[in-house]
Amino acid sequence: MYKTIEAYYENGKIIYKEAMPAVKKARLLITIIEEPRNTQSLSRFKGIFKKKIDGLEYQKKMRTEWD
């Protein structure tokens, strides 16, 4: 049976969010998800993305240019 456990790693120690399950022996697969360090750096991209173009309307416009 597989079980996912959320925990935190801090200064060489694993800190469990919930109680560790009662397991005497198990094989572990560990995925490390780093916390974002500076999310404000994304603010430089604010406003560069424009409104999405409707694909169907765009195709109609492009095809009428060839008529």
Side-chain angles (χ1 to χ4, degrees):
M1 180 172 84
Y2 297 114
K3 183 168 181 125
T4 301
I5 301 168
E6 184 177 357
Y8 300 95
Y9 177 83
E10 187 175 326
N11 296 325
K13 295 181 181 179
I14 297 175
I15 303 165
Y16 300 102
K17 188 172 181 181
E18 299 172 3
M20 180 65 184
V23 177
K24 292 187 179 193
K25 185 176 179 181
R27 179 173 167 231
L28 302 176
L29 302 174
I30 299 173
T31 303
I32 298 174
I33 304 171
E34 292 187 41
E35 295 288 330
R37 293 188 179 154
N38 187 2
T39 57
Q40 293 182 4
S41 65
L42 297 176
S43 64
R44 62 189 163 129
F45 298 112
K46 186 176 181 179
I48 65 169
F49 298 106
K50 306 297 179 198
K51 182 180 175 185
K52 287 185 177 181
I53 298 171
D54 181 22
L56 182 60
E57 290 298 320
Y58 178 77
Q59 288 294 322
K60 285 179 183 177
K61 180 181 174 186
M62 292 300 293
R63 293 178 193 282
T64 58
E65 292 177 357
W66 294 98
D67 292 338

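Using a 4.5 Å cut-off on side-chain heavy atoms (C-beta onward), Thr4 and Glu6 make no contact.
Distance check, rounded to the nearest 0.5 Å: CD1 of Ile33 to OH of Tyr9 gives 16.0 Å. Expressed to the nearest 0.5 Å, how far CD1 of Ile30 lies from CD1 of Ile14 amounts to 5.5 Å.
None of Lys60, Lys61, Gln59 except one satisfies the side-chain contact (heavy atoms from CB on, under 4.5 Å) rule with Arg63; the exception is Gln59.
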